[in-house]
Amino acid sequence: MIISWNATNQCNMYCAHCYREAGQKVEDELNTSEAKKLLEEIARAGFKIMIFSGGEPLMRPDIVELVQHAANLGLRPVFGSNGTLLTKDLARALKKAGTMGMGISLDSTDPAKHDKLRVYPGGWEQALRGMAYCREAGLPFQIHTTVMDWNQAEIEAITDLAVELGAVAHHIFFLVPTGRAVNIEEESLRAREYEDLLERILEKQKQVPIELKPTCAPQFMRIARQKGLKMRFSKGCLAGTSYCIISPKGDVQPCAYLNILAGNVRETPFDQIWRESPLFLKLRTEEYGGGCGGCEYRKVCGGCRARAYFYHEGDYMAEEPWCLYHGRTGA
């Protein structure tokens with residue numbers, strides 16, 4: 001089980017696709033003692049992988065202390081970061097505190113394209129510098145890429161760059177129109193483009209020694225099954241079943257892109273929210289509508305619940321809109 005906590009809304013970037021609309025620190029973010037209590041409740045709920053995300057989590061002054069606390073609880077601390085704030089000393093401190101991996105965003109092989117998306121001149125070079133500091137510290141890192149219409153042709157080249165730089169994985173995030181990304185919805189891929197790119201990613205996986213993982217494109221599990229490829233993953237969309245996310249102020253929701261409140265950890269212990277939230281319980285029924293409901297790959301794919309929510313007027317159990325396999329059933 002995997003969980004993500006947006007440790008702060010503060011960020012040194014202003015990315016066009018940010019689901020959290022990060023930039024400024026918001027009032028009443030969880031303080032250090034509240035964050036430690038949350039980590040204890042996360043461990044009690046049975047989660048194993050603890051993602052510190054944001055905003056930019058490295059802007060939180062107590063981040064090393066919180067990583068140490070998570071590690072002491074038996075969690076596996078990892079990060080989702082833009083990488084620009086990493087220094088040699090910070091990389092070493094994070095490694096010593098128990099960080100198991102650093103996810104660093106890189107959205108193009110062209111520095112200008114990456115920097116334009118993230119509204120941050122020099123961001124591409126600084127991200128690569130952060131990766132170098134991770135290598136020096138012995139801290140494994142992976143590259144995160146958000147795919148849109150303008151960079152979809154680059155994905156294999158970014159994978160090759162990831163291999164060259166020493167990354168252990170390349171995770172490819174398919175744009176979901178949430179937060180600021182609503183303003184660039186037209187840049188997201190449609191069904192045929194999704195299918196074609198997923199085919200390409202799975203073919204590329206056969207050629208490289210690092211893990212390739214499509215995210216927010218759960219039909220990759222169907223395509224892998226159709227190709228006879230064995231994956232270490234059990235399901236495409238994990239929202240509310242073995243994954244959820246927590247905001248800087250303690251709001252719990254099924255995933256980063258499905259902005260529906262399941263509870264707040266200041267009002268109810270997280271482990272109780274995870275067990276009892278009606279929202280989570282409904283998602284776990286897997287009683288989907290439309291083509292997803294009758295699909296033979298329902299239990300290994302699940303369709304993107306956040307995309308269903310956006311394109312079906314708030315019905316998060318509706319069918320995934322960008323899937324070519326709708327309406328097909330099996331025994």
Side-chain angles (χ1 to χ4, degrees), residues 4 6-18 20 22-25 50-68 76-148 150-151 154-173 208-213 215:
S4 181
N6 298 128
T8 180
N9 204 65
Q10 190 175 6
C11 191
N12 58 331
M13 293 185 171
Y14 198 79
C15 303
H17 62 300
C18 182
R20 189 56 74 190
Q24 297 297 316
K25 182 178 180 180
M50 177 68 225
I51 305 173
F52 291 91
S53 184
E56 174 48 57
L58 298 182
M59 296 190 79
R60 188 165 172 130
D62 59 357
I63 194 65
V64 174
E65 180 182 353
L66 295 178
V67 166
Q68 180 71 70
R76 292 174 56 87
V78 297
F79 276 78
S81 171
N82 61 46
T84 63
L85 300 181
L86 281 165
T87 63
K88 289 184 179 181
D89 288 344
L90 181 55
R92 291 193 191 106
L94 289 168
K95 170 71 173 178
K96 184 178 180 181
T99 302
M100 303 297 290
M102 182 70 61
I104 297 178
S105 299
L106 202 71
D107 300 299
S108 178
T109 57
D110 182 341
K113 291 181 180 179
H114 172 90
D115 294 355
K116 180 181 179 182
L117 175 69
R118 296 182 172 272
V119 196
Y120 192 85
W124 192 92
E125 294 290 348
Q126 292 176 35
L128 264 64
R129 183 189 64 192
M131 296 176 201
Y133 290 148
C134 287
R135 284 199 308 273
E136 291 178 27
L139 177 57
F141 71 92
Q142 62 190 45
I143 285 179
H144 293 169
T145 300
T146 297
V147 63
M148 289 159 278
W150 55 267
N151 68 350
E154 297 184 58
I155 296 304
E156 292 94 336
I158 299 173
T159 294
D160 290 336
L161 179 59
V163 173
E164 178 185 337
L165 294 171
V168 298
H170 182 200
H171 287 200
I172 300 120
F173 292 74
V208 293
I210 67 173
E211 176 185 273
L212 305 186
K213 167 65 166 61
T215 299

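These values consider heavy atoms only, across backbone and side chains, with no hydrogens, waters or symmetry-generated copies.
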Listed pairs under 3.5 Å, donor-acceptor, residues 158-167 side chains, sequence neighbours left out:
from, atom 1, to, atom 2, distance (Å)
T159, OG1, I155, O, 3.2
T159, OG1, H170, ND1, 2.7
D160, OD1, K204, NZ, 2.8
D160, OD2, K204, NZ, 3.4

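The stretch residues 90-101 participates, sequence neighbours left out, in these side-chain hydrogen bond (donor to acceptor under 3.5 Å, both in side chains) pairs: D89-R92. Every pair passing side-chain hydrogen bond (donor to acceptor under 3.5 Å, both in side chains) that includes a residue from residues 54-64 is listed here, sequence neighbours excluded: T32-D62, E56-S81, E56-N82, R60-D62. Applying the salt bridge (charged side-chain N to carboxylate O under 4.0 Å, His left out) test to every pair with at least one member in residues 97-106, sequence neighbours left out, gives no pairs at all. Among residue pairs with one or both ends in residues 76-101, those qualifying as ring-ring contact (aromatic ring centres under 6.0 Å, His included) are F52-F79; sequence neighbours excluded.
With sequence neighbours left out, H17 forms a ring pair (Phe, Tyr, Trp, His ring centres under 6.0 Å) with no residue at all. Listed by chain and residue number, T84, Y120, R129 satisfy the side-chain contact (heavy atoms from CB on, under 4.5 Å) test with Q126 (two or more places apart in sequence, or in another chain). In this structure Y133 satisfies the ring pair (Phe, Tyr, Trp, His ring centres under 6.0 Å) test with no other residue, sequence neighbours excluded. Looking at residues two or more places apart in sequence or on another chain, you find no ring pair (Phe, Tyr, Trp, His ring centres under 6.0 Å) involving F141. Residues that satisfy the side-chain contact (heavy atoms from CB on, under 4.5 Å) test with A157, not counting sequence neighbours, are T109. The side-chain contact (heavy atoms from CB on, under 4.5 Å) test applied to D115 returns W124, not counting sequence neighbours. Partners of E125 according to the salt bridge (Lys or Arg N to Asp or Glu O under 4.0 Å) rule, which considers only residues two or more places apart in sequence or in another chain, do not exist here.
Checking side-chain atoms of N9 against main-chain N and O of K25 turns up no donor-acceptor pair under 3.5 Å. S53 places no side-chain N or O within donor-acceptor distance of the main-chain N or O of S4, the cut-off being under 3.5 Å.
Taking every heavy atom of both residues into account, C134 and L86 meet most closely at SG-CD1, 3.8 Å.
Dense packing is recorded around CZ of R135, with more than 12 heavy atoms of other residues, nucleotides or ligands lying under 6.0 Å away. More than 12 heavy atoms of other residues, nucleotides or ligands shown are found within 6.0 angstrom of CD on E65.
Atom CG of residue D107 and atom SG of residue C15 lie 7.5 Å apart, to the nearest 0.5 angstrom.
Residues H171 and Q142 have side chains in contact (heavy-atom distance under 4.5 Å, counting atoms from C-beta outward). The shortest side-chain heavy-atom distance between L85 and M59 falls under the 4.5 Å cut-off.
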